[in-house]
Colleague: 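If you scroll down you'll find the structure; I have some questions about it.
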Amino acid sequence: MTARPLPPPCPDSPPGRLAGLAVIGGGPAGLMAAEVARAAGLEVDVFEAKGSVGRKFLIAGKGGLNLTHGEPRPAFDSRYRERQEEVAAWLDGFDAAALRDWAAGLGVETYVGSSGRVFPLDRKAAPLLRGWVRRLRESGVRFHVQHRWTGWDAEGALRFTTPDGGLRLQAGAVVLALGGGSWPQLGSDGEWLPWLRESGVETTPLQPANCGFDVGWSAHFRGRHAGAPLKPVVAHFGTDTGADGLQGECVISEYGLEGSLVYALSAPLRDAITRDGSATLLLDLVPGRPIERLQRELARPRGKRSLAEHLRRQAGLDGPRVGLLHEVLGRGGLDDPHTLAGTLKRLPLTLLRPRPLPEVISSAGGIRLEALDPATLMLDRRPGVFAAGEMLDWEAPTGGYLLTACFASGHRAGRAAARWLATQPPPSTSSGSDIFLPSGGVTGGRLRR
Ligand SMILES: Cc1cc2nc3c(=O)[nH]c(=O)nc-3n(C[C@H](O)[C@H](O)[C@H](O)COP(=O)(O)OP(=O)(O)OC[C@H]3O[C@@H](n4cnc5c(N)ncnc54)[C@H](O)[C@@H]3O)c2cc1C
């Protein structure tokens, strides 16, 4: 990845100035903002803390790169829960179909899987990212990797640390697309949050989303069943799962429960734990088998068979499900068929806490959407500074909804930044030592042609 020269580290010299757009953060949201702004004719410089862009996007490719989802709107919008109205406005400008067309424009055809999830045909992220970065570079977008933004200085200049030391820059407009707080080793570490808060931007703390939960398993249960899948099961959790519950798959882990069914419920579960100290998830371990039938089956004489064998024969239970019954009922509760049947249909699991932010798939929290102009995603407190992607305070389940909203918000922010910059008076070249050049390089703390 090539970078044009920027000023050598010289924190005391006047800041360099970019007349166009500085995009900070090279994930899907930032790269989409860069693409749209460049297409609108702006000079665009992308600053990325890591040695290459799109690292989290590449990791998403390990799971097949679930780019988006085939479900129609407005059901699609409802996945964004409390923020569906705001995200729907972003999707009006760039929705799932537009995302698939965009990928096709890069030579990456997609398909809708049986669950409605949309993937590239080869289920890989690297070819898509490679082609995208090449196209961006060819269009004139400049990349500056290993440039870590560290906030604004007292004069409002962007501060960066680089391998060569500090750097200060003014830019015509800025798109912040720094990601959330999960998997910090890939670059998005959430360290920006206090800098924004201190500069008056309304934020909420980053919290785990799409996460597993700790359950206080006994050592015996953990030792025997960690890693075992539970599929299918139906989860019940208050009004969030409706009368019929939510069917899906989860996995017993060393620490508790994980898997797509738990991820889908992670927002209400996390909020309940914050409010009440713990949350009780009810699992139907035998979906499709009515309780009356179970009671009859389990009341049949056991003979000399072990309880596990009896449960396997009568109710089709495997070892992990029998283990869960033991874990919840203890030895004393296993003899009564009515108790057994009731527990199998509504096994109560106490979830103690969500897994720590660094290990979960995505984060909730970040810049409050109330801190932004909804039409442009420009920060109210910082004219000319726009924000996009997971650093904004919305959340969604897995299924392609995360990437779709990141692309859509990047699209909106990039387009709005281009429009905003077009309305600004041309920068003065007479004051101080800043020199404005639309397409120059930068040297000695100044831009040059
Ligand atoms: C294991 C895993 C699998 C996933 N799979 C999927 C999936 O299949 N489908 C889906 O929809 N979503 C998936 N996601 C979520 C999705 O990858 C993210 O929501 C998305 O990448 C967020 O995009 P973003 O552009 O907002 O931020 P990011 O992709 O996190 O990019 C932010 C960029 O900003 C840079 N940055 C951060 N701080 C600074 C700084 N101070 N200065 C300069 N640069 C900085 C970072 O290095 C990073 O490159 C997955 C996530 C994980 C962890």
Side-chain angles (χ1 to χ4, degrees), residues 1 22-34 45-69 79 96 99 113 115 117-120 123-125 128-129 133 143-152 158-162 167 169 174-196 206 208-211 260 263 355 357-364 366-367 377 387-411 413-414:
M1 200 161 292
V23 173
I24 310 180
L31 296 182
M32 182 53 79
D45 289 81
V46 175
F47 296 87
E48 164 58 48
K50 288 291 190 183
S52 58
V53 297
R55 292 191 176 194
K56 195 175 272 187
F57 188 69
L58 286 177
I59 288 292
K62 297 227 161 175
L65 190 64
N66 181 192
L67 259 187
T68 185
H69 202 285
R79 304 294 173 173
L99 180 48
S115 61
R117 295 174 181 226
V118 174
F119 300 92
R123 296 177 62 92
K124 290 188 177 142
L128 179 55
L129 182 65
V133 171
F143 287 91
H144 311 282
V145 296
Q146 291 187 290
H147 279 65
R148 181 179 172 71
W149 180 59
T150 57
W152 290 278
L158 301 164
R159 289 181 311 182
F160 293 91
T161 55
T162 79
L167 174 69
L169 282 177
V174 178
V175 172
L176 298 176
L178 304 165
S182 76
W183 289 54
Q185 66 274 29
L186 303 178
S188 47
D189 54 19
E191 286 192 12
W192 47 268
L193 199 131
W195 310 331
L196 285 173
L206 296 178
N210 290 300
C211 55
S260 54
Y263 298 164
R355 293 302 291 166
L357 185 55
E359 70 180 60
V360 306
I361 289 184
S362 63
S363 55
I367 300 176
L377 303 187
E390 204 180 310
M391 73 183 300
L392 302 181
D393 184 11
W394 54 271
E395 65 182 305
T398 56
Y401 303 102
L402 296 166
L403 281 173
T404 307
C406 290
F407 281 113
S409 57
H411 191 271

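Ligands are counted one by one from 1 in listed order, and the atoms in each one are counted from 1 as well.
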Colleague: Taking only residues at least two apart or on different chains, which pairs with a member in residues 179-188 satisfy salt bridge (Lys or Arg N to Asp or Glu O under 4.0 Å)?
Modeller: none
Colleague: Looking at residues at least two apart in the chain, or sitting in another chain, which of them share a side-chain hydrogen bond (donor to acceptor under 3.5 Å, both in side chains) with Arg355?
Modeller: Asp214, Glu359
Colleague: Can a donor-acceptor pair be found, under 3.5 Å and without considering hydrogens, that links the side chain of Thr68 to the backbone of Val118?
Modeller: no
Colleague: Only counting residues at least two apart or in another chain, list the ones meeting side-chain hydrogen bond (donor to acceptor under 3.5 Å, both in side chains) with Glu191.
Modeller: Arg148
Colleague: Nearest 0.5 Å, please: how far is CG in Leu65 from CG in Leu403?
Modeller: 6.5 Å
Colleague: State the CG-CD distance between Leu402 and Glu390, to the nearest 0.5 angstrom.
Modeller: 6.5 Å
Colleague: List below, pair by pair, the N or O atoms of ligand 1 and of the protein that are less than 3.5 Å apart, including the distance to 0.1 Å; reply 'none' if no pair qualifies.
Modeller:
residue: ligand 1; atom: 8 (O); partner: Asn66; partner atom: N; Å: 3.2
residue: ligand 1; atom: 9 (N); partner: Asn66; partner atom: O; Å: 2.8
residue: ligand 1; atom: 11 (O); partner: Leu403; partner atom: N; Å: 2.8
residue: ligand 1; atom: 19 (O); partner: Glu390; partner atom: OE1; Å: 2.6
residue: ligand 1; atom: 25 (O); partner: Pro28; partner atom: N; Å: 3.3
residue: ligand 1; atom: 25 (O); partner: Ala29; partner atom: N; Å: 3.0
residue: ligand 1; atom: 26 (O); partner: Glu390; partner atom: N; Å: 2.8
residue: ligand 1; atom: 30 (O); partner: Ser188; partner atom: OG; Å: 3.2
residue: ligand 1; atom: 41 (N); partner: Trp149; partner atom: O; Å: 3.0
residue: ligand 1; atom: 42 (N); partner: Trp149; partner atom: N; Å: 2.9
residue: ligand 1; atom: 44 (N); partner: Ala49; partner atom: N; Å: 3.0
residue: ligand 1; atom: 47 (O); partner: Glu48; partner atom: OE2; Å: 2.5
residue: ligand 1; atom: 49 (O); partner: Glu48; partner atom: OE1; Å: 2.6
residue: ligand 1; atom: 49 (O); partner: Glu48; partner atom: OE2; Å: 3.2

